[in-house]
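For ligands, and for the atoms within them, numbers begin at 1 and follow the listed sequence. Numbers here simply count residues along the sequence, with the first being 1. None of the values given here were measured: they were computed from a predicted structure.
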Amino acid sequence: MNLIVVSNRVARGKANEPMTGGLAAALLPVVENSGAIWVGSSGRVRDGFQKEPFAEIEALGAGALAMLDLPAAHYGGYYEGFANSALWPALHSRSDLIRTSQGDYLSYREVNAFMARALMRFRKPDTGFWVQDYHFLALGAELRQLGVTEPIGFFLHTPWPTSAVIEGVPHHRELIEAMLAFDLIGFQTAQDCENFLAYVRDELELTAHEGVVNSSYGRTRLAVFPIGIDAEKFAQAAAKAISHPDVSRLRRSLNGERLAIGVDRLDYSKGLTNRIHAFDRMWTLHPTLARTVSLLQIATPSRGGIEAYGNLQNEVARLVSDVNGRHGEVDWTPIRYLNKGFNQSVLAGLYRTAQVGVVTPLHDGMNLVAKEYVAAQNPADPGVLVLSKFAGAAAELDTALLVNPHDIDGMARTIAAALSMPLTERQMRWEAMMAKLRAGTVQQWFADFVDALQETRLDKAAVEPMLAEPPTLRPLRSVNGSARYH
Ligand code: F6P
């Protein structure tokens, strides 16, 4: 299959650049090896009607990277308007933060249609399309409009919420009907898949059998593909990065003090304010931990043009300064707070330096930081992962210390417990998590999805002549021991 991968944000093959998007960083090594064409936004816009969309194309491993200038008139409505002020809040169960307009929706649809037209130039015989994430929910339907009959898959990197929440999105019905133009829809967790299926059954009143939905587009298979990382490679990078100047400086500055680390985009889904309240509480409840443990919180600014993000940035900065003011000493700063990104290899070294990794989102599709923190640990003296039970990663990393990110006291107690956990328990928990990471690599995720996409075509060829019979499909291979049909 000649694979075309589509996502809004893409990454160039330069390992030393800071990566802001989990999706782009995760996809880069696998797309590079696959020979696929990866198409996405250049981050630039272009005025006027473009007959042939402008794309800057460069080699990427065995394939290519095509970066498109998106239409200037629609970019704001598409990216900040509909994708990140209607879909993102709803997908993370924050429909109270939806701020959008009819114009934003029309721009979102325009950019989806624009992307479909742009993709036609990369189409070859035996092409398969793999669309990533919530920016392009309608892209499958737009491609079908243009006469594409080849397999089109979609993977959602975020959670999929309950129907009551997604119904807060204007035009939800139209969009979800359009999603059924995809042959395969992949989710991070079984819960996301079940929520989507419930909408399709209850709101669209469509029939579904063994994870296959029948609609006017034909059949759409729903399945679960938890995204992973290349744990071995990350572990090697972490061991090497320990001598990186930034990492060495951090170690020296600690003077034997222990460190907890949080690394997030500055986003309201990440639970940053609750986390800072939890550290505040911990230093209040356990005064002996003052001066002996500090938090390094890296929070990369994101989507700055959206009011909710600006408000969050101010709130977190105020809170950090308040906590530092109350607990700090002339020679001790409780929270080191940085608003910048680091490249993956420096991050690997920072994770390895920290005795506790705090990953406490209120909702998260997967959260690859949790997996990276685990992979970066020294096997002889591993740190402890404190993980929100509402991160997709919690379904796999169940030997982390799981917390409710809304329970500040509970988090404070758990972080303190992590700091005093004996070595044998740390090792047992870490080894169980590493085994999961080794079994579910990003390479495996990529291969599983592409195999399943190819299977949809085989299934179609097999069952189309006997349309009267509802199809009975064989179950897909299981991923990490969990069934992939729901
Ligand atoms: O999970 C959704 C996602 O696409 C992640 O890959 C990434 O963390 C984020 O959203 C990217 O956001 P943006 O491209 O808006 O910076």
*Is it true that the side chains of Thr360 and Arg275 contain a donor and an acceptor less than 3.5 Å apart?*
yes

*Close N or O approach (Tyr79, ligand 1; < 3.5 Å)*: yes

_I need the contact type for Asp133 against ligand 1. Using non-hydrogen atoms and a strict under-4.0 Å cut-off, is it side chain, backbone, both or neither?_
side chain

_Chi angles and distances behind the salt bridge (Lys or Arg N to Asp or Glu O under 4.0 Å) call for Arg117, Glu142_ = CA-CA 8 Å; Arg117 290 196 299 279; Glu142 298 293 350; over 6 Å; no

*Could you say whether the N/O atoms of Arg9 and ligand 1 ever approach to under 3.5 Å?*
yes

*May I ask you to check if Arg144 and Tyr217 form a cation-pi contact, with NZ or CZ under 6.0 angstrom from the six-membered ring centre and within 45° of the axis?*
no

*With no hydrogens and no angle check, is any side-chain donor or acceptor of Asp192 less than 3.5 Å from a backbone partner on Pro159?*
no

*Evaluating non-hydrogen atoms only, which member of Leu368, Asp267, Leu23 is closest to atom 6 (O) of ligand 1?*
Leu23

*Taking N or O atoms only and a 3.5 Å limit, does Asn8 qualify as a polar contact for ligand 1?*
no

*With no hydrogens and no angle check, do the side chains of Tyr134 and Asn8 hold a donor and an acceptor under 3.5 Å apart?*
no

